[in-house]
Amino acid sequence: MTISIHGLAVSRGIAIGRAVIVASSRVDVAHYFVQAEQVESEIERLRHARNAVAEEIVKVQHSLHDLGPNDAHPELTALLDVHLMLLQDEQLTSGVKHWIVDRHYNAEWALTTQLEVIARQFDEMEDPYLRERKADLEQVVERMLRFMRGVASPVAPGGEAKAVHDSSIEAPLVLIAHDLSPADMLQFKQSVFAGFVTDVGGKTSHTAIVARSMDIPAVVGARSSSQLIQQDDWVIIDGDAGVVLVDPSPILLAEYGFKQRQGEVERERLSRLKNTPAVTLDGQKIELLANIEQPEDAVAALKAGAVGVGLFRSEFLFMGRAGKLPDEEEQYHAYRRAVEGMQGLPVTIRTVDVGADKPLDRGASRAGEDHLNPALGLRAIRWSLAEPAMFLVQLRAILRAAAHGPVHLLIPMLAHASEIRQTLALVNRAREQLDNAGIAHRHVKLGAMIEVPAAALTIPLFLRYFDFLSVGTNDLIQYTLAIDRADEAVSHLYDPVHPAVLHLLASTIEQCRAKGKGVSVCGEMAGDVSLTRLLLGLGLRSFSMHPSQILAVKQQILRCDTTRLQTWAQSVLAAEDPAALMTD
Ligand code: PEP
Ligand code: MG
């Protein structure tokens, strides 16, 4: 019987595939397919890991035994026996083999998939003693994974988790997880999945943002989907409606297959607009920029016809590295790759914005991640100013990358004049340090993000110090409406057209234009086609969004007349319920 689960639509399109249920902590194992002739060597890799772990356990048992009967801990000895038994467990061994032989998963993926299958069975057990054995199984599997991590796979594609296309693998796979951190998502970006569903998450959570940047269908906030869906179930993800259909009937499969093909035709049609200038009917030139997370995303930005990068979220270079931050050389090379990748077009690099729903590491406790209200805590520029040595490393790396092409430097989450002054002093210090060391660097334009109401209400202060402003509507909405952007329980209150939000946005745009300073929007509003007319009507001429959204927004722009939209936008601004006027 088909069941449908409702969540939040975060990334458009339809995905149809088999479910792979993954605990978020296990997403960062490699996920790739092996060729038929590599199946045996993958099984051998597992056997090797299992034997090595068994040997380790036996060694510990011997050392306990050597301690003599009085010092040996009988519980520990018994526990090690359980671990040995679990290692040899038929269900684990044959299950893992099944995923490798029948589905061509690489060894690590097969092992974590089978772990999920067995872990669920443990969860359903009545006997609390047996239920607790789940933790032992997880430990045993973790030891095997650790062992495999130390031994390079002979078949992993370039050491990365990428898809190897194998004609024997027919069904696409979709990933189902309780939660995925943005760092998990980065792994996921290079993997084989055609779509994903999470139990938690809001529309503009960073997990959703990365999904959008990957341009694959995704639904978040689909509560308990990871419990209701079973490993290998057929699943349809409707990323337009925010619906997940489990075990769909043949009629539904045919219907969604048709929708999927329609989506492909629409994309094909839009791709013809790539080289068309973004100019409105009344001749207004509109700048369409790309938001990127990694230097390699510059390729997609150019392919979509972006005229520059409006937001490079540099924090993705800092995440998922077990606390070891990238040094100046590594950052310089990453920024330089983005700059060179954009082939002379400007790249706006935002300084690190970790904290809140973008922890440096899963379970780590830096950057305010373990505080009660992380979104109000030590995130973004606050963290950078609290760690000036780290910040100077990043500033020097960015200034050096500017020697290879036009770079703009963007600072997130400023609210106080004192923060502005401290930041600019550090930028100057970084310049001096490079000058003193005789290292090449170049001038960068300086920009501030307007994403805290306090900043939006003191625009003249920002215009005194900065060359341009960029409105981060994701956070501006979160902080104006007091809605946690990552919490699906309040996502119905997250309203981009709330009159308070629109007033802050409109007055920011107006004041920048009056002073002749550049202003863009780089939050998710910029890539939402249902808001393009309104933003144009409010005077916005520069939009920054995921490359996958650029062509659809351009199509809207080509149909708009800004002189007409201006009057209408003023009526939306004055309305008690602006959403009601949005379809006019
Ligand atoms: C924003 O807040 O709108 C923004 C672009 O920054 P981020 O989504 O990375 O917080
Ligand atoms: Mg922000």
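Just follow the structure's listing: the first ligand is 1, and inside any ligand the first atom is 1. Note that the coordinates shown come from a computational prediction; the quantities given were computed from them, not determined experimentally.
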*Tell me whether D475 has at least one N, O or S atom under 2.8 Å from the Mg ion (ligand 2).*
yes
Would [X] count as a contact residue for ligand 1, given that I'm defining contact as a non-hydrogen atom of the residue lying under 4.0 Å from a ligand atom?
| X | result |
| --- | --- |
| M413 | no |
| R485 | yes |
| Q478 | no |

Ion pair present between [X] and [Y], side-chain N to carboxylate O less than 4.0 angstrom?
| X | Y | answer |
| --- | --- | --- |
| R379 | E315 | no |
| D467 | K517 | no |
| R396 | E329 | no |
| K203 | E488 | no |
| D353 | R313 | no |
| R12 | D240 | yes |

*asked:* For the 3.5 Å polar cut-off, considering only N or O atoms, please tell me whether E315 and ligand 1 meet it.
replied: no
*Residues, nucleotides or ligands: over 12 heavy atoms within 6.0 Å of R541 CZ*: yes
_Is it the case that over 12 heavy atoms from other parts of the model lie below 6.0 angstrom from the NZ atom of K303?_
no
*Any idea which protein heavy atom is nearest atom 6 (O) of ligand 1, and the distance to it?*
R350 NH1, 2.9 Å
*atom 7 (P) of ligand 1: which protein heavy atom is closest, and how many Å away?*
H206 NE2, 3.3 Å
Check each atom of ligand 1 against the heavy atoms of [X] and keep those under 4.0 Å away; list them by number with element.
| X | value |
| --- | --- |
| R313 | 4 (C), 5 (C), 6 (O), 7 (P), 8 (O), 9 (O) |
| L311 | 5 (C) |
| D475 | 1 (C), 2 (O), 3 (O), 10 (O) |
| C522 | 5 (C) |

*May I ask you to decide if the ring planes of H31 and F193 are parallel, tilted or perpendicular, using 30° and 60° as cut-offs?*
perpendicular
*Hey, can you tell me if H408 and F468 have their rings parallel, tilted or perpendicular (30° and 60° cut-offs)?*
tilted
Using a 4.0 Å heavy-atom threshold (strictly under), name the region of [X] that reaches ligand 1: side chain, backbone, both or neither.
| X | value |
| --- | --- |
| D353 | side chain |
| I209 | side chain |
| R379 | side chain |
| V471 | neither |
| M449 | side chain |

_Between the Mg ion (ligand 2) and E451, which N, O or S atom of the residue is the nearest one?_
OE1
*Considering only heavy atoms from C-beta outward, does the side chain of V307 approach that of M342 to under 4.5 Å?*
no
